[in-house]
Amino acid sequence: MLPRLFSLSNITATTRLHGYRAFSSKVAPKNYAFAFDIDGVLIKGKRTIPEAKRAIRMLNGDNAHGRHVPFVLLTNGGGVTEQAKAEQISNMLDVEISPDQVILSHSPMQALVEQYKNKNVLVVGGKDRECFHVAKKYGFNHVFIPDDIHHWQASVWPFRHPSRDSISPDAASLDFSKIPFGAVMVFHDSRDWGRDIQIMLDAICAENGVVGTQKGDCKVQEVPVYFSNTDIIWSTEFPVPRLAQGSFKMALENVYHTLTGTNLQSTSYGKPYPTTYAYAERVIERINDGKKPSRIYAVGDNPAADIKGANNYGWTSVLVRTGVFQEPGNSPHFPAHSVCQHVEEAVEWVLQQEEDKEKKA
Ligand SMILES: [Mg+2]
């Protein structure tokens, strides 16, 4: 299920959206569009990459040809609502980004609502109860987080107490011996790998998904598992890349295989998976006045996610050196169509390509 999107042509320059001035009106739909990764391309942790401000301004018409070019932000990040991410990036880049331009790793997981709307879902990852609220906003009616289970029985993970900030308003009435889980969904990075792997295994290996019970035969997995991204590493202000959700997935899979002798079955979203690109293309079409652009330029810093995914989906990939990838030349494993120093250079390169195409046409 897609979030409600608006048409650019319906928005006036004076419209204010979520505290930010929305797009200027009368932006003609384009035959090409951009999909920017966020971390390592536009920002690094809490720091803005300086060229990013100029790059986005260029797409908003501040270029030699006065062109407005549609773009979305396509990130394997998440843990907040699309609206919260749009506000964060708008503030950091000092430009207007609409929530409808933001595709988070878990945005395409809204398609799972139809299947799990009225089932009990264990949502893992993120700060405090933020992913609980994201899942509720998407339409999942019965959402629980590992902290809820930890509050119910401290002995689930006896090495620490859960954070007070994450206590559910219904904590006193929750009895997980009566709550069978229908699915486990990882929305964002776990803040406590050991505790969360334990609780996920409790749900996956349980009889009928009831935590505190154990199936005799683990060969048939009854509780499906979903991951919102499988990046092994990501880029922050720290000089060396950090472990990401894909590493957490590997840890869970290893423990599961060691304990049960079988491979954990799961479904993954985010880049480089085609489900995410199909979702992104529908979003781009909506913000481009219902017209599907012929070319989509993906700008990213992670060859294994941004470049591999874009290449496989038939987009044009541009690799930048401001994040995970910092080597000379192109990526040996997932070569991009073009490699640029930073996002501003990438935008300039694409605009020039497109101007040349237009001249020739
Ligand atoms: Mg990145």
Side-chain angles (χ1 to χ4, degrees), residues 34-53 55-56 59 71-80 82 84-86 88-89 92-93 97 101-108 125-126 186-189 227-249 268-273 276-277 279-280 283 296-313 315-327 330-347 350:
F34 280 88
F36 295 102
D37 179 41
I38 296 180
D39 293 297
V41 174
L42 303 178
I43 65 172
K44 282 194 98 163
K46 293 187 169 60
R47 185 172 70 77
T48 303
I49 293 175
E51 292 86 2
K53 289 187 179 185
I56 299 297
L59 300 184
F71 66 91
V72 293
L73 307 185
L74 176 59
T75 175
N76 272 357
V80 293
E82 288 75 7
K85 183 57 87 175
Q88 179 207 349
I89 302 300
M92 291 183 78
L93 296 186
I97 307 279
Q101 288 174 284
V102 175
I103 301 156
L104 302 170
S105 65
H106 43 67
S107 301
V186 184
F187 266 41
H188 199 240
D189 294 284
F227 291 92
S228 68
N229 90 66
T230 58
D231 286 353
I232 304 298
I233 51 172
W234 70 300
S235 174
T236 68
E237 306 98 315
F238 197 73
V240 178
R242 306 287 80 202
L243 296 180
Q245 197 187 126
S247 300
F248 174 73
K249 176 175 182 261
S268 297
Y269 291 80
K271 297 175 283 187
Y273 297 98
T276 284
Y277 287 84
Y279 181 91
V283 172
I296 297 172
Y297 294 92
V299 184
D301 68 308
N302 187 337
D306 304 316
I307 306 307
K308 180 184 179 187
N311 289 351
N312 286 350
Y313 210 74
W315 292 7
T316 307
S317 55
V318 188
L319 180 58
V320 292
R321 296 183 199 282
T322 44
V324 167
F325 180 80
Q326 309 207 344
E327 297 147 43
N330 206 333
S331 162
H333 302 297
F334 308 106
H337 290 99
S338 177
V339 183
C340 295
Q341 284 304 111
H342 47 68
V343 64
E344 186 183 11
E345 195 180 296
V347 168
V350 172

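All residue numbers in this chain count up from 1 along the given sequence. Atoms within each ligand, like the ligands themselves, are counted from 1 in listed order.
Under the 30°/60° scheme for interplanar angles, the aromatic rings of Trp315 and Tyr313 are found to stand perpendicular.
With respect to the Mg ion (ligand 1), Asp301 has OD1 as its nearest N, O or S atom. The name of the N, O or S atom in Asp39 nearest to the Mg ion (ligand 1) is O. Residue-level check: among N/O/S atoms of Asp37, OD2 sits closest to the Mg ion (ligand 1).
A donor and an acceptor atom, one from each side chain of Thr230 and Tyr273, are located under 3.5 Å apart.
Here the side chain of His188 pairs a donor or acceptor atom with the backbone of Gly78 at under 3.5 angstrom. In this structure, the side chain of Ser228 engages the main chain of Val186 through a donor-acceptor pair within 3.5 Å.
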